**Q** 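To start, I am sharing the structure in question, which I have written as structure tokens.
Source: prediction; values computed, not measured. Note on naming: letters A, B, ... go to the chains in the order of the sequence lines (proteins, then strands), and numbering restarts at 1 for each one.
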Amino acid sequence: MEENKASLNFIEQIIENDLKNGKNNSRVHTRFPPEPNGYLHIGHAKSICLNFGMAEKYNGLCNLRFDDTNPTKEDVEYVDSIIEDVKWLGFDWGDRLYYASDYFDRMYDLAVEMIKKGKAFVCDLSAEEVSAMRGTPSIPSQASPYRTRSVEENLDLFARMKAGEFPDGSKTLRAKVSLDSPNMQMRDPAMYRIRHAHHHRTGSKWCIYPMYDWAHGLEDSIEGITHSLCTLEFENHRPLYDWYLNEAGVYRPQQIEFARLNLSYTVMSKRKLLELVQEKFVSGWDDPRMPTISGMRRRGYTPESLRAFSDRIGIAKRNNVIDVAMLEHSVREDLNKRAKRVMAVIDPLKVTIKNYPEGHVEELEAVNNPEDESAGTRMIPFSKQIYIEREDFMEDAPKKFFRLAPGREVRLRYAYFITCEEVIKDENGHIVELICTYDPLSKGGKSPDGRKVKGTLHWVDATNNIKAQVRVYDRLFTVADPDGDKEKSYKELLNPDSLSIIDQAFVEPSVANAEVLSYYQFERLGYFNIDKDSSKEKMIFNKTVGLKDSWAKENVG
RNA sequence: UGACCCAUGGUGUAACUGGCAACACGUUUGAUUUUGGUUCAAAAGAGUCCAGGUUCGAGCCCUGGUGGGUCAACCA
């Protein structure tokens, strides 16, 4: 691996500087700290790649830690999916799988110390009252009337909060930080709230739960994290992060903020993704149209492509919107090297070759992957009747149309040259069949006389094939910035045609025994993989992404 | 309104910490091609938000604007 010193991102620069100065004994230790309240998405992938990537690059460690401090929103279902997704992306946290909830006792003890130091107090104000007394950035807060409670009373009350003597919302433990800081995070923030709720790990042991700011820094501190990487919206929290750790008198990691990922034509907030799932706009968290890692996996994205994408987009502090084309390029690049080529017809048009012997079937050799000779070859059946793609025929074809048209000759890939002799239509004028002739000397796709044809079509034999369902996806939203519209909710901007199901597609027989998730290139169409709903009896393919198509582009313009 | 952060081709990131802006995606053109794919070659496209200042020299430093983001949950 060659490191290019000239193109470090700002976090690498900080780390290398720390390393040079011997900070933290020249140790790098990061963590990926998801809250298990939803499925991971491509934005998390960026963070995962960053955190694990920094540890990898600088011979450090990266922990996987669940920030499970809010039992009302969290669930083991999410824990399981997150573990699966991070693992699938190809990262290894060794035996360092941690839970914030494992530190609850420690956090509680430290909170007691904070009370003893006069840095925290039990407050009886309701959420509404606190809000009303909060002031504004330029107007100081009114002090809570409970701010001056004695240490003894605070200690007693806090212990009774823990013991479950008070109902939800009746009391909080608040830090005594400031009443007039222009940084609103510093205005006597809550450290603990009462929640008589079942926690997915600690059950009913606790009825008070620490707030993010109090908990997160301690989690980082306990684990000996050196660089605590998080997104920009926590920038205003950094002074509080530092304050808590300094007041608690414990080791303080360095929090560094970077810009989260935004992708065009998608929404990225967990809340919105949850709504799409709950309100059935999609089939689930792993719907292939979702930007979730599980959705993208099901869609046919590879972990390598996601990691390559993360590398490509970089790390910085400026708000950004990455073009989905960048993501699509990353999958194509990976799949081009790895996907086995196969022929499939999605919108079939029957072709009868009138001079081909009736009842005869021959096997033709086809290359599995022109990018990888070791992938070998396979045989494909061919006979008098085949299907071609409907869009590969045009009755009144312009000069630049290289495909089949009346009187024109094209190559059937790996098979023969055929010429269109006749167009058969039904009573409504719809084309139902093409009658063609073939050149028996052009077997394999080469003509002995050196005659050139511009077009090569994919095809599938009309009788020896597999009938499959193909699910074709388009972007989930019709506009590049679905949450940027002031009038319309993102839900009104959903693309009604984001999913089209084709029940009668034909695929060559060689895919018969393929396993779920295996990916293919359907020649000239795009990359497809086998959906988890697929079975031997009914194969189902998902379209991952199309091939680049300069003909389609020309047609639009 | 106050604090904090950000500002470089259409998009995203760079520019060895001051030496006349590079890479990727996208776009266009040409070559090759049994995938209108891939590959290869080339081109167009920013003079770095604005105004001052420091300097022989500024995208990098300073000042003041402008624009954008974040924060005023008992969410994270």
**Q** Flag the pair Asn51(A) / Asn63(A) as yes when at least one side-chain heavy-atom distance between them is below 4.5 Å, and no otherwise.
**A** no
**Q** Between rG9(B) and rG53(B), how far apart are the two C1' atoms, rounded to whole Å?
**A**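 It works out to 28 Å between them.
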**Q** With a 3.5 angstrom cut-off on both distances, give the Watson-Crick or G-U wobble partner of rG2(B), or none if there isn't one.
**A**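 Its partner is rC71(B) (Watson-Crick or G-U wobble, both distances under 3.5 Å).
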**Q** Please classify the nucleic acid contact of Gln521(A) as base, sugar-phosphate, or nothing, using heavy-atom distances under 4.0 Å.
**A** base
**Q** Would you mind classifying the nucleic acid contact of Phe258(A) as base, sugar-phosphate or nothing, using non-hydrogen atoms under 4.0 angstrom?
**A**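 Phe258(A): no heavy atom of the nucleic acid under 4.0 Å.
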**Q** Please classify the nucleic acid contact of Gln13(A) as base, sugar-phosphate, or nothing, using heavy-atom distances under 4.0 Å.
**A** base
**Q** Using a 4.5 Å cut-off on heavy atoms from C-beta on, say whether the side chain of Leu273(A) contacts that of Pro291(A).
**A**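 Pro291(A) vs Leu273(A): side chains touch.
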**Q** Using only side-chain N and O atoms of Arg187(A), determine if any of them is under 4.0 Å from OP1 or OP2 of rC71(B).
**A** no
**Q** Tell me what Asp67(A) touches on the nucleic acid: a base, only sugar-phosphate, or nothing, going by heavy atoms under 4.0 Å.
**A** sugar-phosphate
**Q** What form does the base of rA73(B) take, syn (within 90° of 0) or anti?
**A**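 Chi for rA73(B) falls in the syn range.
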**Q** For rA7(B), which nucleotide is its Watson-Crick or G-U wobble mate, given both distances must be under 3.5 Å?
**A**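 rU66(B) - that is the nucleotide pairing with rA7(B), both distances being under 3.5 Å.
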**Q** Calculate the interatomic distance between Phe166(A) atom CZ and rC74(B) atom P; express it in whole Å.
**A**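 Taking atom P of rC74(B) as the reference, CZ of Phe166(A) is at 19 Å.
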**Q** What integer distance in Å separates Leu232(A):CG from rA3(B):P?
**A**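 To the nearest whole Å, that distance equals 19 Å.
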**Q** What's the spacing between Arg390(A) CZ and Leu349(A) CG if we round to 0.5 Å?
**A** 5.0 Å
**Q** Could you tell me whether Tyr78(A) and Phe66(A) have their ring centroids closer than 6.0 angstrom?
**A** no
**Q** Which of the following nucleotides, rA72(B), rU27(B), rC75(B), is nearest to the side chain of Lys553(A)?
**A** rU27(B)
**Q** Show, in sequence, the C-alpha distance, side-chain angles and deciding distance for Phe522(A) and Phe528(A), and conclude whether the ring pair (Phe, Tyr, Trp, His ring centres under 6.0 Å) test is met.
**A** CA-CA 7 Å; Phe522(A) 286 177; Phe528(A) 293 77; 4.1 Å; yes
**Q** Name the orientation of the base relative to the sugar in rG47(B): syn if the glycosidic angle is within 90° of 0, else anti.
**A** syn
**Q** Check the pair Phe477(A) / Tyr265(A) against ring pair (Phe, Tyr, Trp, His ring centres under 6.0 Å), numbers first and verdict last.
**A** CA-CA 5 Å; Phe477(A) 294 94; Tyr265(A) 295 96; 9.1 Å; no
**Q** Do any of residues 206-214 of chain A sit with a heavy atom less than 4.0 Å from RNA chain B, and if so which?
**A** Pro210(A), Met211(A), Tyr212(A)
**Q** CG of Asp323(A) versus P of rC25(B): gap in Å, rounded?
**A**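 Roughly 12 Å, once rounded to whole Å.
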**Q** Does Lys543(A) count as lying over the ring of Tyr527(A), i.e. NZ or CZ under 6.0 Å from the six-ring centre, within 45 degrees of the axis?
**A** no
**Q** ring-ring contact (aromatic ring centres under 6.0 Å, His included) with Phe382(A): which of Tyr387(A), Tyr414(A), Tyr416(A)?
**A** Tyr416(A)
**Q** Looking for any heavy atom pair under 4.0 Å, which part of the strands does Lys270(A) touch: base, sugar-phosphate only, or nothing?
**A** nothing
**Q** Counting any heavy atom closer than 4.0 Å, what does Tyr192(A) reach on the DNA or RNA strands: base, sugar-phosphate only, or nothing?
**A** nothing
**Q** What's His237(A) touching, base or sugar-phosphate or nothing? Going by heavy atoms closer than 4.0 Å.
**A**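 If one applies the 4.0 Å heavy-atom cut-off, His237(A) turns out to touch a base.
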**Q** Classify the glycosidic conformation of rU17(B) as syn or anti, calling it syn when the angle lies within 90° of 0.
**A**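 That one's syn.
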**Q** What verdict does the side chain to side chain donor-acceptor pair (under 3.5 Å) test give for Arg408(A) and Thr419(A), after you've listed the backbone C-alpha separation in whole Å, the side-chain angles of each residue and the deciding distance to 0.1 Å?
**A** CA-CA 5 Å; Arg408(A) 290 204 198 170; Thr419(A) 304; over 6 Å; no
**Q** Leu547(A) side chain: which of rU35(B), rG26(B), rA76(B) is closest?
**A** rU35(B)
**Q** Need one value for Lys337(A): base, sugar-phosphate or nothing, where a base atom within 4.0 Å counts as base even if backbone is also close, heavy atoms only.
**A**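 Here Lys337(A) touches no strand at all.
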**Q** Do Phe158(A) and Tyr192(A) pass the ring pair (Phe, Tyr, Trp, His ring centres under 6.0 Å) test, and can you show the C-alpha distance, the side-chain angles, and the key distance before you say yes or no?
**A** CA-CA 9 Å; Phe158(A) 189 48; Tyr192(A) 278 88; 5.3 Å; yes
**Q** Going by purine N1 to pyrimidine N3 plus the second Watson-Crick contact, or the G-U wobble pair, all under 3.5 Å, which nucleotide sits opposite rG59(B)?
**A** none
**Q** Check this for me: does the side-chain of Asn236(A) come within 3.5 Å of the base of rU70(B) through a donor and an acceptor?
**A** yes
**Q** For the side chain of Glu235(A), starting at C-beta, report the closest nucleotide among rG12(B), rC5(B), rA14(B).
**A**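 Of the candidates, rC5(B) comes closest.
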**Q** Could you list by number each residue of residues 370-381 of chain A showing a heavy-atom separation from RNA chain B of less than 4.0 Å, or answer none if no residue does?
**A** Pro370(A), Glu371(A)
**Q** Is a donor-acceptor pair below 3.5 Å formed from side chain Arg403(A) to base rG36(B), judging by atom type as modelled?
**A** yes
**Q** Roughly how many Å is it from CZ in Phe309(A) to C1' in rU11(B), rounded to a whole number?
**A**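 Taking CZ of Phe309(A) and C1' of rU11(B), I get 11 Å after rounding.
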**Q** So what does Glu523(A) touch, heavy atoms closer than 4.0 Å: a base, only the sugar-phosphate, or nothing?
**A** base
**Q** Is it the case that over 12 heavy atoms from other parts of the model lie below 6.0 angstrom from the CZ atom of Arg338(A)?
**A**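 More than 12 heavy atoms, drawn from other residues, nucleotides or ligands, come within 6.0 Å of this atom.
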**Q** Just how far, in rounded Å, is P of rC5(B) from CD1 of Ile256(A)?
**A** 15 Å
**Q** Which whole number of Å gives the distance between the C1' atom of rA51(B) and that of rA58(B)?
**A**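 Looking at atom C1' only, rA51(B) and rA58(B) are 15 Å apart.
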**Q** Please determine if Lys171(A) forms a cation-pi arrangement with Phe166(A), meaning its NZ or CZ atom is less than 6.0 Å from the six-membered ring centre and no more than 45° off the ring axis.
**A**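 Verdict for Phe166(A): a cation-pi partner in Lys171(A).
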**Q** When you measure from the side chain of Met326(A), which nucleotide among rA24(B), rU38(B), rC74(B) comes out closest?
**A**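 Among the listed nucleotides, the one closest to the side chain of Met326(A) is rA24(B).
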**Q** Any strand is fair game: report the nucleotide pairing with rA22(B) by Watson-Crick or G-U wobble, both distances under 3.5 Å, or none.
**A**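 Paired with rA22(B), as far as the under-3.5 Å criterion goes, is rU13(B).
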**Q** Nearest to the Lys317(A) side chain among rC5(B), rC75(B), rC25(B), which nucleotide is it?
**A**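 The listed nucleotide nearest to Lys317(A)'s side chain is rC5(B).
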**Q** Just checking Arg312(A): base, sugar-phosphate only, or nothing, at a heavy-atom cut-off of under 4.0 Å?
**A** sugar-phosphate
**Q** Under the criterion salt bridge (Lys or Arg N to Asp or Glu O under 4.0 Å), I'd like the reasoning laid out for Arg65(A) against Asp220(A): C-alpha separation, chi angles, the key distance, then a yes or no.
**A** CA-CA 10 Å; Arg65(A) 177 176 73 224; Asp220(A) 286 341; 2.7 Å; yes
**Q** When all nucleic acid strands are considered with a 4.0 Å heavy-atom cut-off, which category describes Val453(A): base, sugar-phosphate, or nothing?
**A**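 The answer is nothing, as Val453(A) stays clear of every strand by at least 4.0 Å.
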**Q** Using the ring pair (Phe, Tyr, Trp, His ring centres under 6.0 Å) rule, take Tyr212(A) and His216(A) through it: C-alpha gap first, then chi angles, then the decisive distance, then the call.
**A** CA-CA 6 Å; Tyr212(A) 170 85; His216(A) 203 88; 4.8 Å; yes
**Q** Any strand is fair game: report the nucleotide pairing with rA44(B) by Watson-Crick or G-U wobble, both distances under 3.5 Å, or none.
**A**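 When the pairing criteria are applied, nothing turns out to pair with rA44(B), so the answer is none.
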**Q** May I ask you to check whether Trp551(A) and Phe402(A) place their ring centres under 6.0 Å from each other?
**A** no
**Q** For rU35(B), does the base pair up with any side-chain atom of Arg341(A) as donor and acceptor (N or O, under 3.5 Å, distance only)?
**A**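 Yes, the side chain and the base share a sub-3.5 Å donor-acceptor pair.
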**Q** Phe402(A) has a side chain; which of rG36(B), rC75(B), rA14(B) sits nearest to it?
**A** rG36(B)
**Q** C1' atom, rC6(B) versus rA24(B): distance in rounded Å?
**A**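 Pairwise C1' distance, rC6(B) against rA24(B), rounds to 22 Å.
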**Q** In residues 124-143 of chain A, what residues come within less than 4.0 Å of RNA chain B, judged by heavy atoms?
**A**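 Output list: Leu125(A), Ser126(A), Ala127(A), Ser131(A), Arg134(A), Thr136(A), Pro137(A), Ser138(A).
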